[in-house]
Structures are given as C-alpha cells and as structure tokens.
**Student:** 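Once you've had a glance at the structure underneath, I'll fire off some questions.
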There are 4 protein chains.
Amino acid sequence: MANSAEKKIKVGIIGATGYAGQELARLLYTHPETEVIWYGSRSYVDTPYSKVYGNMTSMADAPCKDDDILALSKEADVIFTATPQGYLAGVLTEEILSNCKVVDLSADYRLKDVATYEKWYKIEHKSPQFLPEAVYGLCEVNREKVKTARLVANPGCFTTCSILSLLPLVKEHAIDVDTIIVDAKSGTSGAGRGAKVNNLFCEVNESIKAYGVATHRHTPEIEEQLGYAFHADEAGVNEVPGGSPITINFTPHLVPMNRGILATCYAKLVAGVTAEEITKIYQCHYGEEPFIRFLGEGAAPETRWVEGSNFMDIGFVVDKRTNRVIVMGTIDNMVKGAAGQAVQNMNLMFGLPETEGLLLPPVFP
Amino acid sequence: MANSAEKKIKVGIIGATGYAGQELARLLYTHPETEVIWYGSRSYVDTPYSKVYGNMTSMADAPCKDDDILALSKEADVIFTATPQGYLAGVLTEEILSNCKVVDLSADYRLKDVATYEKWYKIEHKSPQFLPEAVYGLCEVNREKVKTARLVANPGCFTTCSILSLLPLVKEHAIDVDTIIVDAKSGTSGAGRGAKVNNLFCEVNESIKAYGVATHRHTPEIEEQLGYAFHADEAGVNEVPGGSPITINFTPHLVPMNRGILATCYAKLVAGVTAEEITKIYQCHYGEEPFIRFLGEGAAPETRWVEGSNFMDIGFVVDKRTNRVIVMGTIDNMVKGAAGQAVQNMNLMFGLPETEGLLLPPVFP
Amino acid sequence: MANSAEKKIKVGIIGATGYAGQELARLLYTHPETEVIWYGSRSYVDTPYSKVYGNMTSMADAPCKDDDILALSKEADVIFTATPQGYLAGVLTEEILSNCKVVDLSADYRLKDVATYEKWYKIEHKSPQFLPEAVYGLCEVNREKVKTARLVANPGCFTTCSILSLLPLVKEHAIDVDTIIVDAKSGTSGAGRGAKVNNLFCEVNESIKAYGVATHRHTPEIEEQLGYAFHADEAGVNEVPGGSPITINFTPHLVPMNRGILATCYAKLVAGVTAEEITKIYQCHYGEEPFIRFLGEGAAPETRWVEGSNFMDIGFVVDKRTNRVIVMGTIDNMVKGAAGQAVQNMNLMFGLPETEGLLLPPVFP
Amino acid sequence: MANSAEKKIKVGIIGATGYAGQELARLLYTHPETEVIWYGSRSYVDTPYSKVYGNMTSMADAPCKDDDILALSKEADVIFTATPQGYLAGVLTEEILSNCKVVDLSADYRLKDVATYEKWYKIEHKSPQFLPEAVYGLCEVNREKVKTARLVANPGCFTTCSILSLLPLVKEHAIDVDTIIVDAKSGTSGAGRGAKVNNLFCEVNESIKAYGVATHRHTPEIEEQLGYAFHADEAGVNEVPGGSPITINFTPHLVPMNRGILATCYAKLVAGVTAEEITKIYQCHYGEEPFIRFLGEGAAPETRWVEGSNFMDIGFVVDKRTNRVIVMGTIDNMVKGAAGQAVQNMNLMFGLPETEGLLLPPVFP
C-alpha cells in the first residue's frame with residue numbers, strides 16, 4: 001500500500017482521552033498507513049487533544065469531538081472504541097458495521113456467552129446479536145479470523161498475558177488444568193484515568209495489594225479461551241458458549257509503577273512432562289510469532305524489558321520437588337495489553353503486515 | 001523496670017550498617033529500656049554512624065567499631081547479628097553465649113537440619129553444636145521458649161509473612177498442605193545495601209520480576225515450620241529435623257518500593273471447611289496477638305498500612321468455584337520481618353513487655 | 001506530669017481524614033500525654049477512623065464525628081484544625097477560645113494583614129478580630145509567645161522550610177534580601193487527599209514540574225516572616241502588618257515521592273561575608289535547637305534523612321565565582337511542615353517539654 | 001536515500017552498554033537509514049547485547065565487541081562514543097577522523113578552552129589539537145557547522161536544557177546575564193549504570209537532594225555557550241576561547257524518576273522588557289524548530305510530556321513583583337539530552353532530514 005495521504009486508513013478513536021485511547025494516538029502517529037481523523041471524548045469536546053495529553057503537543061492538536069459513532073462511521077475506515085463496558089454494546093448497529101470496521105477495546109464482545117457477561121459485569125448486554133460474528137482479537141490465536149472480521153473484540157490486558165503464557169501447555173495437555181493459578185501484577189495505568197482517591201500517587205506509591213480476589217472480570221475471559229485451547233482437537237467444542245471446563249484462580253495485584261503486567265502462573269505437570277518438552281512446546285507454538293519472545297527455561301521475565309512495546313516475554317521454571325511448572329509472562333498492559341494489540345488487529349483487518357508500526361523497541365530505563 | 005541509664009540493657013549490633021542493622025538502631029533509639037553501645041561495621045570502622053545513615057544525625061553519632069564479637073560480648077547484655085549467612089556460625093562460641101544473649105538475624109540457626117542448611121545455602125555450617133539450643137524466634141509460635149533462650153534465630157522476612165499467614169490453617173488441618181503455593185512480593189530493601197547493578201534505581205523502578213523461582217532459601221524455612229505446625233498434635237514429631245512432610249511452591253517477586261512484603265497464599269480447602277470456620281480459626285489463634293491484625297473475610301491487606309511498624313495484617317477470600325482459600329498477609333520486611341521481630345524477641349528474653357518500644361503506628365503515606 | 005489517663009490532654013482533630021490530620025493521629029498515638037477524643041471528618045461521619053486509614057487499625061478504631069467545633073471545644077483541652085482555608089476563620093468564636101486552645105494548620109491566621117490574605121487566598125476573612133492575638137507558631141522563632149497563646153497559626157510546610165533556611169542570614173544582614181530566590185521541591189502528600197486527575201499515580205510518577213509559579217500562597221507568608229527577622233533589631237517594626245520590605249521569588253515543584261520538602265535558596269552575600277561567618281551564624285541561631293540539625297558548609301541535605309521525623313536539616317555552599325550563598329533546607333512536610341510542628345506548639349502551650357513525643361528518628365529507607 | 005541494506009549508514013557505538021549507548025541502540029533500531037554494526041563494550045565483550053539489555057531481545061542479539069576504535073573506524077561510516085570523560089581524547093587520531101565521522105557524547109571536545117576543561121574535569125586533555133575543528137553539536141545553534149563536521153561534541157544533558165531555555169533571552173539582551181540562576185532537576189538515568197550505593201533504588205527513591213553545588217561540570221559549558229550567544233552580534237568574539245563574560249549559578253538535583261530534566265531558570269529582566277516581547281523572542285528563535293515546543297507565557301512544562309522523545313518544551317512566567325522572568329525547560333535527558341541529539345547531529349552530518357527517525361511521540365504514562 002502506498003504511503004500517500006489520500007490512501008491512508010482513516011481512523012476514529014472513541015474514548016480517546018483515556019489512557020488506552022492516548023496510547024492508540026501515540027502508536028498511530030508513527031504508523032505509516034494511518035491517519036487519525038477523530039479524537040472522540042465526551043468530557044473534552046472542543047478541547048485540543050494536546051491540551052489533554054501534553055505529550056502530543058505539535059502531533060495531535062486537533063480539538064476533541066463528541067462520541068457520535070454513527071457520524072464517525074461514515075468518515076472513518078476503522079473505529080477503535082476505548083470505552084467503558086457497555087458503551088459499544090449500547091450503540092452498535094448493522095449500519096455502523098456496514099460503514100466501517102470496529103475494534104472494541106472494552107469487554108462487550110469478548111465473552112461468547114451473554115449470561116456469563118451479565119453475571120461478571122453486572123450489566124445487561126444490549127446487542128448480543130453481534131456476538132456470533134465478533135472475533136476475539138488475540139492475534140496469535142485467531143489470526144485468520146481477524147483478517148476477515150468486521151468487529152474485533154480486543155482482549156483484556158490481564159487476559160492477553162495470562163492466556164498467552166499458558167495456552168501452549170493447555171493445548172498440548174501438558175498441565176493439569178484443574179490446578180491452574182494465575183497470580184498477576186499490574187502497573188497502575190490499568191486502573192484508568194478516573195479521579196479516585198485509591199489511585200492517587202500517595203495511595204499507590206510504596207504499596208502493593210491484591211484486588212478483585214476471586215471476582216475479577218478477566219477471569220471468565222481467561223477460562224473461556226483456555227477452554228477452547230484445551231478442546232481444540234475435539235470437533236465441535238471450540239467456541240461453543242459455556243463449553244469451557246476450565247476453572248482457574250486469578251488474582252490481580254496493583255504495583256506502584258505506570259505500565260507492565262507480570263503473570264506468574266502455576267500448574268501441576270501431567271505425569272512425565274519434562275522441561276525439555278515444555279521448551280519444545282513453546283518453541284513450536286511461538287517460534288514464528290513476531291511479538292512473542294520465548295526466553296526459555298530458567299528465565300524470569302521482567303516488565304521493564306517490554307515497556308512501551310508490543311512484545312510479550314515468556315519464561316518458565318519446573319519445580320521437581322512439587323512437580324509444578326511456573327510460567328511467567330510479561331507485557332506492557334497499554335500496548336500488547338490494549339492499544340498495540342488493537343493496532344495489530346487493525347493491520348490484519350486491512351491486509352497490512354501484522355507488525356506494521358509496531359516494531360518499536362521497549363523503552364528502558 | 002526503672003528507666004535509669006545505668007540499668008538499661010546494653011546492646012551491640014554487628015552488621016549495623018546494613019539496612020536491618022540500621023532499622024535496629026532506629027527502633028532501639030526510642031526503646032525505653034535499651035542503650036546501643038556498639039555499632040559494628042567492618043566497612044565503616046571509625047566512621048560516625050550518622051555519616052553512614054544521615055537519618056541518625058544527632059541520635060547516633062558514635063563511630064562504628066569492628067566486628068569483634070567476643071570483646072563485645074563482655075560489654076553487652078545482648079548482641080544482634082545482622083550479618084551475612086555464615087558469619088555467626090563461624091564465630092559463635094560457648095564463651096560468647098555465656099557472656100550475653102544473642103539474636104541472630106541471619107539464617108545460621110533457623111533450620112534444625114544441617115544438611116538442609118548446607119544444601120540451600122551452599123556453605124558449610126561451622127557450629128552445628130548450637131543448633132539444638134537455638135530457638136526459632138517467631139514469637140507468636142515460640143513465645144515461651146524464647147523467654148529462656150540464650151540464642152534466638154530471628155526468622156526471615158518472607159518466612160515470617162508466609163508462616164504466620166498460613167499457620168492457623170495448617171495447624172487446624174483446614175487446608176490440603178500438598179496444594180500450598182505462596183506467591184510473595186517484597187520491597188527492595190530486602191535486597192540489602194550492596195552496590196549491585198540489578199538494584200540500581202533505574203533497574204528496579206518501573207518494573208516487577210520474580211527471582212529465585214523454586215530455589216529461594218526461605219523455602220525450607222517455611223516448610224519446616226509449617227511442618228511442625230501440621231504435626232503439632234502428634235507427640236514427638238515436633239521439631240524433629242527432617243520431619244517435615246510439607247512441600248510448597250514459594251516464589252518471591254521484587255517490587256519497586258522500599259519496604260513491605262505481601263504474601264498471597266493459595267491452598268485447596270479440606271472438604272467442608274467454610275469461610276466462617278476459617279474466620280474462627282484466625283480469631284482463635286491470633287485474637288490476643290498484639291502485632292497481628294486479622295482483617296477478616298474479604299479483606300485484602302496492603303503493605304502501606306503496615307509500613308514502619310511491627311504489625312502484620314491478614315485477610316482471606318474463599319473461592320467457592322475452585323474450593324481454594326486465598327490468604328493474604330502483609331508485613332514491613334524491615335520491622336516484623338527483621339529488626340522489629342528481633343526487638344520483640346529481645347523483650348521476651350529480658351522479661352520486658354513483649355510490645356515495649358514497638359507500638360509505633362505505621363507511617364502513611 | 002503523670003502518665004495517667006485522667007490527666008491526659010484531651011485532643012480533638014477537625015479535618016482528621018486529610019493527610020495532615022492523619023499524621024496528627026499517628027504522632028498523638030505515641031505521645032505520652034495526649035488522648036484523641038474526636039476524629040472530626042465531615043465526609044466520613046460514623047465511619048471507623050481505621051477504615052479510612054488502615055494503618056491505624058487497632059489504634060484508632062473510633063468512628064469519625066462531624067465538625068461541630070463548639071461542642072468539641074467543651075470536651076477538649078486543645079483542638080487541631082487541619083481544614084481548608086477559610087474554615088476556622090468562619091467558625092471561630094470567643095466562646096471556643098475560652099473553652100480550649102486551638103492550633104490551626106490552615107492559613108487563616110498566619111498573615112497579619114487581612115488585605116494580603118484576601119488578595120492571595122481570594123476569600124474573605126470572616127474573623128479578622130482574632131488576628132492580633134494569633135501567634136505564628138514557628139517555635140524556633142516565637143517560642144515564648146506560643147507558650148501563652150490561646151490560638152496558634154501553624155506555619156505552612158514550604159514556609160517552615162524556607163524561613164528556617166534563610167532566617168539567620170536575613171536577621172544578621174548577611175545576604176542582600178532583594179536577591180533571594182527560593183526554589184522548593186515537595187513530595188505529593190502536600191497536594192492533599194482530594195481525588196484529582198493531576199494527582200493520580202500515573203500523572204505524578206516519573207515526572208517533575210513547577211506549579212503556582214510567582215503566585216503560590218506561601219510567598220507572602222515567607223516574605224512577612226523574613227521581613228520581621230530583617231527588622232528585628234529596629235524597635236517597633238516587628239510584626240507590624242504590611243511592614244515587610246522583603247520581596248522574593250518562590251517556586252514550588254512537585255516531586256514523585258510521598259513526603260519531604262527541599263528548599264534550595266539563593267542570595268547574594270553582603271560584601272565581605274565568608275563561609276566561616278555563615279557557619280557561625282547558623283551555629284549561634286540553631287546550636288541549641290532540638291529539631292534543627294545544621295550540617296555545615298558543603299553539606300547538601302537530602303529529604304530521605306528527615307522522613308517521618310520533626311527534624312530539619314540545613315547545609316550551605318558559598319560560590320565565590322558569583323558571590324552567592326546557596327542554602328539548602330529539608331523537612332518532612334507532614335511532620336515539621338504540619339503535624340509535628342503542631343504537636344511541638346501544643347507541647348509549648350501546655351508546659352510540656354517541647355520535644356515530648358517528637359524525638360522519633362527518621363524512617364529510612 | 002534508498003532504504004536498502006547495502007546503502008544504510010554503518011554505525012558503531014563505543015560504550016554501548018551504558019544508558020546513553022543503549023538509548024542510541026533503541027533509536028537507531030527504528031531509524032530507517034542506519035544499521036548498527038558494532039556494539040562496543042569493554043565490560044561485556046562476547047556477551048550478546050540483548051543479554052545486557054533485555055529490551056533489545058530479538059532486535060540486537062549480536063555479541064558485544066571490544067573498544068577498538070581504529071578497527072571500527074575502517075568499517076563504520078560514523079562512530080558514537082558514549083564513554084567516560086577522557087576516553088576519546090586519549091584515542092582519537094587523524095586516521096580515525098579520515099576514516100569516518102565521530103559524534104562524541106562525552107565532554108572531551110565541548111569546551112574550547114583546554115585550561116577550563118582540565119580545571120573542571122581534573123584530567124589532562126590528550127588531544128587538544130582537535131578542539132578547533134570539533135563542532136559543538138547543539139543543532140538549534142550550530143546546524144550549519146554540524147553539516148560539514150567530521151567531529152561533533154554532543155552537548156551535555158543539563159547544558160542542552162539550560163542553554164536552549166535561556167539562549168533567546170541572552171542573545172536578545174532581554175535579561176541581565178549577571179543574575180542568571182539555573183536550578184535543574186534530573187532523573188536518575190543521568191547518574192549512569194555504575195554500581196554505586198548512592199544510586200541504589202532504596203537510596204534514591206522517596207528523596208530529593210542537590211549535588212555538585214557550585215562545582216558541577218556542566219557549568220562552564222553553559223557559561224561558554226551563553227557567552228557566545230550574548231556576544232553573537234559582535235564580530236570576532238563568538239567562539240573565542242575564554243571570551244565568555246557570563247557567570248551563572250547552576251545547581252543540579254537528583255529526582256526519584258528514571259528520565260527527564262527540568263531547568264528552572266531565574267533572571268532579572270532588562271528594564272522595560274515585557275511578557276509579550278519575551279513570547280515574541282521565543283517564537284522568533286524557535287518557531288521553525290522541529291523539536292522545540294514553545295508553550296507560551298504561564299505554561300509550566302512537565303518532564304512526563306517529553307519522556308522518550310527528542311522534544312524540548314519551554315514555558316515562562318514574568319513576576320512583576322520582582323521583575324524576574326522564570327523560564328522553565330524540559331527534555332528527556334536520554335534523548336534530546338544525549339542519544340536523540342546525537343542522532344539529530346548524525347542526520348545533519350549525512351545530509352538526511354534532521355528529524356529522520358526522531359519524530360517519536362513521548363511515551364505517557
């Protein structure tokens with residue numbers, strides 16, 4: 001595709017003034033094939049975008065617009081919705097989807113089962129009719145489906161990290177899926193830009209805590225996707241709502257840092273599985289993946305090495321004393337866990353190289 | 001006991017210029033019954049202590065002395081050794097122990113089994129003859145034994161937090177001990193004051209990582225003590241070296257904060273155990289403990305609420321979907337995890353109120 | 001004074017759930033002569049105080065009460081008001097002051113000149129009749145007046161640090177007062193606990209900025225007090241409203257840390273003044289001060305060495321190339337800059353040793 | 001220039017494993033016209049570069065080489081030396097400069113006067129014969145000279161920020177140059193990756209301090225360049241060694257964050273100069289500069305808005321009470337203060353667009 005302005009992909013962002021929306025703006029600015037034509041933000045209509053995010057001064061000085069997704073769909077080739085749960089489900093129509101493609105960074109179309117969604121999110125789903133066609137946009141898993149999708153449900157940050165950490169072992173039946181525990185740690189940008197006392201600097205700094213213990217909404221998303229992987233070789237089971245037999249413990253923690261997720265995953269090994277086999281499984285699954293860096297046995301990934309990038313790092317240790325494997329995965333929650341993966345999906349949807357605009361080295365220190 | 005200078009307990013600190021040594025100096029300064037007469041530091045002999053730790057200016061301006069523990073034992077009533085593994089085992093003699101009491105903050109006398117010590121610490125134990133008399137100074141467990149001890153092995157920071165979090169459930173056989181996983185997170189002071197690239201500000205800040213996965217030296221200490229608790233009702237098993245049947249997974253993580261440990265502990269519940277019973281078990285074990293604050297079901301302790309204090313906070317959640325309990329415990333690794341517990345032990349050894357000098361509220365923010 | 005409960009000073013805190021109020025609660029808990037009988041908080045009436053500040057669990061579990069200062073004045077011996085500007089000026093009456101003593105941590109009675117107050121704070125002063133009797137509670141300056149005061153205006157955090165850094169040189173006419181520049185840096189607790197986007201963790205972390213440049217409200221407070229010092233040897237000028245001839249530049253900065261203020265102060269030396277003379281001036285003024293630690297020529301104080309304590313550290317450098325002196329002073333904004341100084345004032349007002357309850361070593365790291 | 005591998009600029013980095021060297025590696029990876037052929041690091045010879053900096057995994061896995069600059073000069077088109085002071089001066093030869101271009105990130109060729117260099121750096125200058133031809137690589141000032149230079153002295157981080165903040169006002173004689181004070185604040189990456197206790201996480205975190213007060217080595221560099229600007233309209237004075245009449249106070253501070261410099265600059269305004277005129281002066285000087293974002297009167301730049309980018313933000317406030325202007329400038333010390341400016345210089349030296357590879361939006365949060 002030529003790099004001329006008139007042929008660039010026209011992009012609209014609804015929810016552009018949240019952290020994920022801003023990260024989209026950052027990544028799309030250097031993407032050679034896109035042009036942002038709409039910074040949607042109900043709270044900042046008519047305010048120059050760069051007044052909301054000073055980093056974008058001289059790069060995105062256009063005023064924010066309202067959230068008129070229908071109007072936007074007529075101008076844009078693709079819309080990213082970085083909005084609260086329930087927004088897109090409440091406004092999406094066939095007309096919008098016939099006008100342009102949509103990548104939704106909220107949870108509205110991630111879970112195939114409406115009941116599960118409504119139970120965990122405690123809101124009514126307003127447009128379940130689009131669930132069947134929505135593609136779960138975990139590129140490493142659903143690459144082919146994404147290419148032809150009109151509506152992509154961009155995975156959650158914790159889920160991306162957890163699923164990709166464990167999926168090869170689940171798919172190859174190398175671990176006992178009833179023993180999976182995911183202890184995850186996230187930087188504070190995952191909590192969003194809302195003005196809440198609990199997220200003030202002095203409240204988060206110099207502390208760590210668990211939250212949403214046994215109730216975090218990313219749990220069913222992880223369970224559903226790992227369930228598909230577990231049954232991937234059994235015809236008919238894949239992507240059947242409610243068909244997931246996997247139940248895990250997932251505990252997120254808040255860490256005093258801006259970005260980054262580390263998922264420390266525990267599971268019992270199936271009898272006889274060795275570290276060598278585990279290495280082979282990861283190499284086999286991820287050897288060709290441009291954004292997954294498998295660091296091997298004994299490696300403990302650190303979030304600093306992926307910050308600002310779309311990379312995921314994975315390492316593991318086998319504890320022979322307990323016959324458990326500990327798999328550790330890291331991502332930048334704002335990039336591979338949100339905006340970067342959304343751009344990766346967009347690349348696939350528009351026939352671009354999957355890595356276009358995303359091969360940025362992590363920023364350290 | 002009168003608060004007159006001539007009757008104060010004379011204290012010597014070997015390893016006074018490490019972080020734990022400094023925390024001892026801080027706590028002992030406000031302790032009404034103690035007087036520090038010896039700041040031992042091989043690296044800073046003759047340097048005023050307050051030049052090494054500027055916070056102690058006007059409070060501890062005496063010059064540091066060498067590590068002559070025998071000479072010190074003749075002047076002091078109690079010696080705290082906040083030294084690397086192997087130091088005390090290499091120099092301790094019957095003469096020293098007959099001169100004064102010793103509280104060792106290193107690991108030298110924590111494990112009853114020499115082979116276990118030598119395997120995990122990879123150094124020879126030079127004075128195993130003192131192992132039988134050394135008391136493991138976890139006050140909430142061994143209070144009575146500490147009172148008459150000459151030599152107390154002060155527990156490790158991770159171990160204090162992990163053991164106290166799980167001990168009541170293990171002792172009451174409320175959880176399946178084969179399913180215990182402790183995912184622990186520590187502030188950076190736990191790494192000590194050595195000049196290492198990995199502990200530079202820019203390397204630790206804005207990152208989280210696991211380390212010592214499946215190999216961390218606090219693992220056997222946790223396993224041994226939980227083993228004693230598990231068998232506590234069976235005569236003869238308690239404190240028999242190598243008698244521990246409990247094997248756990250323990251994974252420490254480094255968090256970009258100065259102080260604090262959070263242990264997130266997972267275990268399968270024994271059939272039929274309810275959240276109400278768990279609450280009762282904790283209340284029964286810890287209801288009278290001055291330094292343990294049981295926050296109840298559903299509470300997720302945060303390290304900020306114990307920073308600078310000798311308190312431990314505990315909360316738990318039962319996940320009925322997986323039949324697991326998630327117990328979370330927090331301490332300040334420098335206080336309850338090191339210097340504070342050492343003072344608590346000293347209080348017991350000298351017949352003082354156990355809380356003397358230690359009822360300091362946590363410092364927030 | 002005996003340490004029996006019935007003779008303890010009964011303390012009420014209005015604004016107990018702000019950061020300064022909480023720091024008062026912490027300090028008063030370990031103060032041997034006080035008992036907090038009223039945690040006032042309009043926002044948290046009936047909520048246990050320890051649910052608002054988890055660090056105080058088991059130490060301050062009483063429910064918060066409303067802000068009824070008149071009722072409180074009948075029960076308390078002293079009231080601390082850690083409230084927004086204008087609150088105390090709006091409710092203070094002669095009856096309250098006849099019932100009990102008041103230490104105000106707001107700015108309401110710091111400036112003697114009503115017009116200056118109203119110009120910088122942009123609110124009407126509702127009770128200027130109490131201004132003459134209010135004593136500016138900078139203990140090192142007004143110690144004697146505080147002892148007999150009913151109403152003490154506790155100084156601001158930036159002002160305490162800036163005034164004490166410069167006062168000896170101004171008083172001794174060692175610097176040209178027209179050349180004073182104070183470049184101050186503060187931790188984020190100074191911004192309070194209000195839920196504002198600008199104070200979120202991700203907004204403050206990894207950044208530094210100036211704010212209130214040339215307009216910060218602590219400017220006239222510094223100018224007034226330094227003016228008194230400058231004219232201290234001229235009869236009749238001291239404490240005359242509007243009599244200050246000193247005009248300075250004061251620039252505060254927000255630093256990504258919880259606590260601490262560093263004031264870097266610049267001024268031209270009066271011809272012939274040497275570093276030795278400056279050292280003598282500081283030693284002469286502060287040699288007997290229990291909370292001021294003069295570190296001498298060439299020393300650059302660091303906020304970490306005063307954190308959690310009531311100490312102030314001062315050092316200076318003379319630059320012969322420019323004939324300027326650079327004076328650096330550090331305090332903990334929450335302690336010497338707010339709650340600690342308030343307790344110091346209370347000690348003076350009640351005839352207690354000035355240091356009672358305040359000789360706590362700084363907490364490091 | 002075509003983007004084919006054989007025509008790419010071959011780049012060698014000496015000192016590749018310091019922070020500035022690593023930032024060069026990051027920026028050059030995404031630069032469309034360069035190829036790094038040599039990661040020089042005496043300490044890590046034969047270690048894969050990505051083992052030293054995990055962020056570069058899969059992007060720079062080549063092993064580090066020794067510091068053989070002569071051999072390198074035969075292979076490379078340009079060498080970046082991110083080395084300690086004195087290194088390049090000790091090894092540079094005419095042969096090297098005839099083989100390839102050199103951009104030096106150390107201070108060896110920044111000061112035109114050897115005596116000044118030796119006085120402030122306390123080392124002998126081993127190759128003063130190259131000083132006359134070395135161009136001071138502050139692109140906004142010496143753009144044309146850089147284009148034809150063989151040897152560029154890349155400015156220091158504090159100096160870049162300080163000079164660019166003040167230069168327009170100095171050049172236009174809008175401020176009294178005898179009153180200039182620069183109070184600068186830097187993130188900790190500026191301290192380098194050496195293993196020093198003072199730079200450990202726990203020592204830097206939660207603290208701020210000044211250092212090198214009145215003695216910091218960037219002082220003469222700022223003074224020399226501002227001196228040139230002040231005399232720029234007087235024939236023959238510009239760039240004459242020792243010709244600088246400007247003497248300033250410069251005080252750096254260490255801030256607990258990874259990246260960023262804020263220079264808060266104070267000076268008396270020349271009589272009659274207004275805020276409007278100052279605005280015009282900045283607009284006139286910097287209106288066309290691609291990397292300088294002038295934010296206008298009343299704006300206080302924040303380091304978070306430039307992090308990870310080559311931008312510099314500038315704002316100012318006029319204080320009519322004191323007739324001083326406070327100019328605030330921010331850069332990322334690793335980018336515009338080091339590696340980014342070095343790439344900007346390289347672009348000029350090779351006839352590339354000055355912004356090539358550098359128009360990356362700042363990364364927030």
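In what follows, chains are A, B, ... by sequence order, proteins preceding strands, each numbered from 1. Fair warning: this is a prediction, and the values are worked out from it, not measured in the lab.
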**Student:** About how many Å separate CZ of Phe230(C) and CG of Leu166(C), when rounded to the nearest 0.5 Å?
**Tutor:**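 With rounding to 0.5 Å, CG (Leu166(C)) is 13.0 Å from CZ (Phe230(C)).
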**Student:** Can you give me the closest heavy-atom contact between Ile281(C) and Ala174(C), atom names plus distance?
**Tutor:**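 Minimum heavy-atom contact is CD1-CB, 4.0 Å.
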**Student:** Heavy-atom distances under 4.5 Å only: say whether Leu254(C) touches chain D with side chain, backbone, both or neither.
**Tutor:**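 Neither part; nothing is under 4.5 Å.
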**Student:** CD1/Ile248(D) to CG/Leu226(D) distance, rounded to the nearest 0.5 angstrom?
**Tutor:**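 Atom-to-atom, Ile248(D):CD1 and Leu226(D):CG are 6.5 Å apart.
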**Student:** Quick check on the interface: out of Ala300(C), Gly260(C), Cys202(C), who has the most heavy-atom pairs with chain D under 4.5 Å?
**Tutor:**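 Most heavy-atom pairs under 4.5 Å with chain D: Cys202(C).
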**Student:** Please report the shortest heavy-atom distance between Val182(D) and Ala263(D), naming the atom on each side.
**Tutor:**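 Nearest heavy atoms, Val182(D) then Ala263(D): CG1-CB, 4.2 Å.
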**Student:** Would you give the length of the straight line joining atom CD1 of Ile261(C) to atom SG of Cys157(C), rounded to the nearest 0.5 angstrom?
**Tutor:**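 Here the interatomic distance stands at 4.0 Å.
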**Student:** Taking the side chain as everything from C-beta on, heavy atoms only, tell me whether Ile278(C) gets closer than 4.5 Å to Leu269(C).
**Tutor:**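 Yes - at least one pair of side-chain heavy atoms lies under 4.5 Å apart.
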**Student:** Can you say whether Pro256(C) sits under 4.5 Å from chain D via the side chain, the backbone, both, or neither, judging by heavy atoms?
**Tutor:**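 For Pro256(C), backbone and side chain are both near chain D.
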**Student:** Please state whether the side chain, the backbone, both or neither of Ile180(C) comes within less than 4.5 Å of a heavy atom of chain D.
**Tutor:**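 Only the backbone of Ile180(C) comes within 4.5 Å of chain D.
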**Student:** Scan the chain C/chain D interface and emit each donor-acceptor pair under 3.5 angstrom with its distance.
**Tutor:**
| unit_1 | atom_1 | unit_2 | atom_2 | d |
| --- | --- | --- | --- | --- |
| Asp178(C) | O | Arg324(D) | NH2 | 3.1 |
| Asp183(C) | OD1 | Lys185(D) | NZ | 3.0 |
| Asp183(C) | OD2 | Lys185(D) | NZ | 3.2 |
| Asp183(C) | OD2 | Tyr266(D) | OH | 2.6 |
| Lys185(C) | NZ | Asp183(D) | OD1 | 3.0 |
| Lys185(C) | NZ | Asp183(D) | OD2 | 3.2 |
| Lys185(C) | NZ | His253(D) | NE2 | 3.1 |
| Glu203(C) | OE1 | Arg304(D) | NH1 | 2.5 |
| Glu206(C) | OE1 | Asn258(D) | N | 2.9 |
| Ser207(C) | OG | Thr303(D) | OG1 | 3.4 |
| Ser207(C) | OG | Arg304(D) | N | 2.9 |
| Ile208(C) | N | Thr303(D) | OG1 | 3.1 |
| Ile208(C) | O | Thr303(D) | N | 3.2 |
| Glu223(C) | OE1 | Arg321(D) | NH2 | 2.5 |
| Glu223(C) | OE2 | Arg321(D) | NH1 | 3.4 |
| Glu223(C) | OE2 | Arg321(D) | NH2 | 2.5 |
| Asn249(C) | OD1 | Thr322(D) | OG1 | 2.7 |
| Asn249(C) | OD1 | Arg324(D) | NH1 | 2.7 |
| Asn249(C) | ND2 | Asp319(D) | OD2 | 2.9 |
| Thr251(C) | OG1 | Tyr266(D) | OH | 2.8 |
| His253(C) | NE2 | Lys185(D) | NZ | 3.1 |
| His253(C) | NE2 | Thr264(D) | OG1 | 2.9 |
| Asn258(C) | N | Glu206(D) | OE1 | 2.9 |
| Thr264(C) | OG1 | His253(D) | NE2 | 2.9 |
| Tyr266(C) | OH | Asp183(D) | OD2 | 2.6 |
| Tyr266(C) | OH | Thr251(D) | OG1 | 2.9 |
| Thr303(C) | N | Ile208(D) | O | 3.2 |
| Thr303(C) | OG1 | Ser207(D) | OG | 3.4 |
| Thr303(C) | OG1 | Ile208(D) | N | 3.1 |
| Arg304(C) | N | Ser207(D) | OG | 2.9 |
| Arg304(C) | NH1 | Glu203(D) | OE1 | 2.4 |
| Asp319(C) | OD2 | Asn249(D) | ND2 | 2.9 |
| Arg321(C) | NH1 | Glu223(D) | OE2 | 3.4 |
| Arg321(C) | NH2 | Glu223(D) | OE1 | 2.5 |
| Arg321(C) | NH2 | Glu223(D) | OE2 | 2.6 |
| Thr322(C) | OG1 | Asn249(D) | OD1 | 2.7 |
| Arg324(C) | NH1 | Asn249(D) | OD1 | 2.7 |
| Arg324(C) | NH2 | Asp178(D) | O | 3.1 |

**Student:** Top residue by heavy-atom pair count (under 4.5 Å) with chain C, among Leu262(D), Val204(D), Val255(D), Val306(D)?
**Tutor:**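 Result: the option with the highest number of such pairs is Leu262(D).
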**Student:** Pick one of side chain, backbone, both or neither for Val317(C), based on which atoms fall under 4.5 Å of a heavy atom in chain D.
**Tutor:**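 Only the side chain of Val317(C) comes within 4.5 Å of chain D.
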**Student:** Considering only heavy atoms, which portion of Phe201(C) lies under 4.5 Å from any heavy atom of chain D: side chain, backbone, both, or neither?
**Tutor:**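 For Phe201(C), no heavy atom lies under 4.5 Å from chain D.
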**Student:** Using non-hydrogen atoms and a 4.5 Å limit, figure out which bit of Ile181(C) sits close to chain D: side chain, backbone, both or neither.
**Tutor:**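 Contact with chain D is through the side chain of Ile181(C) alone.
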**Student:** Please collect all ring-ring contact (aromatic ring centres under 6.0 Å, His included) contacts where either partner lies in residues 308-334 of chain D, sequence neighbours excluded, each pair once.
**Tutor:**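 Non-adjacent pairs meeting ring-ring contact (aromatic ring centres under 6.0 Å, His included): zero.
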**Student:** Kindly compute the distance separating CD1 (Ile331(C)) from CD1 (Ile314(C)), expressed to the nearest 0.5 Å.
**Tutor:**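 Rounded to the nearest 0.5 Å, the CD1-CD1 separation comes out at 10.5 Å.
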**Student:** Can you tell which part of Ile208(D) gets under 4.5 Å to a heavy atom of chain C, answering side chain, backbone, both or neither?
**Tutor:**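 Both parts, backbone and side chain.
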